[in-house]
Amino acid sequence: MPPRTPPTATASPSGAEAELRSSLLDWWESHGRHDIPWKRHPDGSRPGPGEPLDPFGVWVAEVMLQQTQLAVVLPYWHRWMAAFPDLRTLAAASEHDVLMVWQGLGYYARARRLHGGAQRLVDGEPPAPSADRDPWPRTLEGWMALPGIGRSTGGSILSSAFDRPFAILDGNVQRVLARLVAHPVAPKRQLPHFWRLSETLLDPQRPRAFNQALMDLGAGVCTPRQPACGACPWQPHCAAYAAGDPGRFPVKDTPPPVPFQVIGVGVVLDAEGRVLIDQRLPEGLLGGLWEFPGGKQEPGEAIEATIRRELREELAIEVTVGEELITLEHAYSHKRLRFVVHLCRWLAGEPQPLASQEVRWVAPQELSSYPFPAANARIIAALQARLAA
DNA sequence: CAGACGTGGGA
DNA sequence: TTCCCAAGTCT
């Protein structure tokens, strides 16, 4: 039987919304994710309507979840909460320790902003007569004033931690709503429209459950490819389903081409067998992480010459470029790189941080106490294997 | 507004 | 293999 309800979630008054809310929440009760640790009390019980959850755990989770799937976040969240169980612990931590725990999760500005936000919240507390003053914002403006918190993450935190009625608009919600109304334009081009839609649908009586249900629907049923429309509580109301091709929505813009570059990397060893690493500048790509030095190959340049030149320009050292250790390719969101890594022998010059925050000679077994990006972790593995042989 | 900003998983 | 993309924010 074809869908009977036209795509009028926005236009029609409360009747259609009530049906959408109740059908979604009924579905969620039996098919949603109810085992998410930051959405439960410390004793494991589910929070009742209006009951607050630990805002710190929710905040950490929602930042980790930006552009990152739940399954990837879970182990990081557990490690993070073990290392920094509360706001004050995080605020007092060093950026080095913060990046160590975040290492491998990507988008490292999130970690720096979370750290900075914690320090701001702690500093914002008045000096101490009441040591247990609640530092947590209760308004969207309050959360969005923190670094790394936009409207969607702010709404997620307020609805999740405090069960307050604030809408969300992540990728899941954009996709679900775009299909529900068969929207003909890419959501990112008309965000205000989608925000209004999300706000209109939000159940003001159960905002925490509704928002979570919407995300669970997008993550598990209304998936990007091959949505499971047969399992969807909104199938009778879905304009994309009625149109016969839900996979056509949301409409997407053509992505820009990603540039490709070859990077020459030197694993420089001195006479004592120590290896040279540098800490990247605090902002930008992989900001604050450590790495093996190197740089872009220029047109017509041999890779050994690239490595010699980059180490001269960025560290003011002279090296002999030896055998290849490993070559690996790595795709970032906006570029693809091939790292050609050679073992090098240090010849002369005290290393200077000309293009980095700091340079340091370390024993190979000490590398595990520095935060490295994923591509460099593979270089470390190759180095350890080589040294063991 | 368009581009920067990571990584791992799935088809 | 290659491509897509996932619980976005900042500039």
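In what follows, chains are A, B, ... by sequence order, proteins preceding strands, each numbered from 1.
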* Reckon Ile168(A) touches a base, only the sugar-phosphate, or nothing at all at heavy-atom distances under 4.0 Å? -> nothing

* Between Asp86(A) and Thr89(A), a side-chain donor and acceptor under 3.5 Å -> yes

* Residues in side-chain hydrogen bond (donor to acceptor under 3.5 Å, both in side chains) contact with Gln66(A), at least two apart in sequence or another chain -> Thr153(A)

* **Residue whose closest nucleotide on DNA chain B lies nearer the 5' end, Gln67(A) versus Gln226(A)** => Gln67(A)

* To do: Evaluate the ring planes of Trp290(A) and Tyr370(A), with Trp represented by its six-membered ring, and classify them as parallel (under 30°), tilted (30 to 60°) or perpendicular (over 60°).
  => perpendicular

* Structure fact -> Regarding the side chain of Arg225(A), the nearest nucleotide among dC4(C), dT7(B), dT9(C) is dC4(C)

* To do: Kindly point out which of dT7(B), dG8(C), dA6(C) is positioned nearest to the side chain of Asp170(A)?
  => dG8(C)

* To do: Please state how far atom CH2 in Trp102(A) lies from atom P in dC5(B), giving the value in whole angstrom units.
  => 17 Å

* Pick base, sugar-phosphate or nothing for Leu169(A), based on heavy-atom distances below 4.0 Å to the nucleic acid. => nothing

* To do: Please determine if a side-chain N or O atom of Tyr108(A) lies less than 4.0 Å away from the OP1 or OP2 oxygen of dT7(B).
  => yes

* **Contacting residues from residues 210-220 of chain A, given that a heavy atom lies under 4.0 angstrom of DNA chain C** => Gln212(A), Met215(A)

* Structure fact -> Minimal heavy-atom distance between Trp59(A) and Leu114(A), with the atoms involved, is CE2-CD1, 3.2 Å

* Assign Arg112(A) to base, sugar-phosphate, or nothing according to its heavy-atom contacts below 4.0 angstrom with the strands shown. => nothing

* Consider only side-chain N and O atoms of Asn211(A) and Ser159(A), and report whether a donor and an acceptor are under 3.5 Å apart. => yes

* **Protein-nucleotide distance (Gln103(A), atom CD; dT7(B), atom C1'), rounded to Å** => 13 Å

* **Pro255(A) or Arg175(A), whichever maps to the more 5' nucleotide of DNA chain C** => Pro255(A)

* Compare side-chain N and O positions of Lys188(A) against OP1 and OP2 of dA2(B) and report whether any pair is under 4.0 Å apart. => no

* Structure fact -> Separation of dC5(C) atom P from Leu65(A) atom CG, nearest Å, is 19 Å

* **Check: Phe84(A) ring centroid to Phe56(A) ring centroid under 6.0 Å** => no

* Asked: Is there a donor and acceptor pair closer than 3.5 Å between the side chain of Thr68(A) and the base of dG8(B)?
  -> no

* Asked: Distance only, no hydrogens: is a donor on one side chain within 3.5 Å (strictly under) of an acceptor on the other, for Glu29(A) and His34(A)?
  -> no

* **Test of ring centre spacing under 6.0 Å for His330(A) and Tyr332(A)** => yes

* Asked: Closest to the Gln69(A) side chain: dA6(C), dT7(B), dT9(C)?
  -> dA6(C)

* Asked: Just how far, in rounded Å, is C1' of dT9(C) from CH2 of Trp195(A)?
  -> 12 Å

* Would you classify Gly104(A) as touching base, sugar-phosphate or nothing, given that sugar-phosphate means primed atoms plus P, OP1 and OP2, and contacts are heavy atoms under 4.0 Å? => sugar-phosphate

* If we take the P atom in both dT11(C) and dG6(B), what is their distance in whole Å? -> 14 Å

* **Residue mapping more 5' on DNA chain C - nearest nucleotide basis, Ala61(A) or Arg113(A)** => Ala61(A)

* Structure fact -> Between NE2 of His330(A) and P of dG9(B) the distance, given in whole Å, is 13 Å

* Send over the distance from Leu114(A) CG to dC10(C) C1', rounded to a whole Å. => 16 Å

* Asked: Does one side chain, of Trp28(A) or Asp216(A), offer a donor that lies under 3.5 Å from an acceptor on the other?
  -> yes

* Structure fact -> Sorted by number, residues from residues 136-148 of chain A placing a heavy atom under 4.0 Å from DNA chain B are none

* Rounded to whole angstrom units, what separation is found between the CD atom of Gln66(A) and the C1' atom of dC10(C)? -> 11 Å

* To do: Specify the residue among Leu285(A) and Pro256(A) whose closest nucleotide of DNA chain B lies further upstream toward the 5′ end.
  => Pro256(A)

* Asked: Between the side chains of Glu19(A) and His237(A), is a donor N or O closer than 3.5 angstrom to an acceptor N or O?
  -> yes

* Asked: Between Arg110(A) and dG6(B), does any side-chain N or O lie under 4.0 Å from OP1 or OP2?
  -> no

* Asked: Are any of His334(A)'s side-chain N or O atoms less than 4.0 Å away from OP1 or OP2 of dG6(B)?
  -> no

* **Ser333(A) side-chain N/O to dC5(C) phosphate OP1/OP2 under 4.0 Å** => no

* Taking it one step at a time, do Thr327(A) and Glu324(A) satisfy side chain to side chain donor-acceptor pair (under 3.5 Å)? -> CA-CA 8 Å; Thr327(A) 289; Glu324(A) 180 182 319; 2.8 Å; yes

* Asked: What is the distance, rounded to the nearest whole Å, between atom CG of Asn376(A) and atom P of dG6(B)?
  -> 13 Å

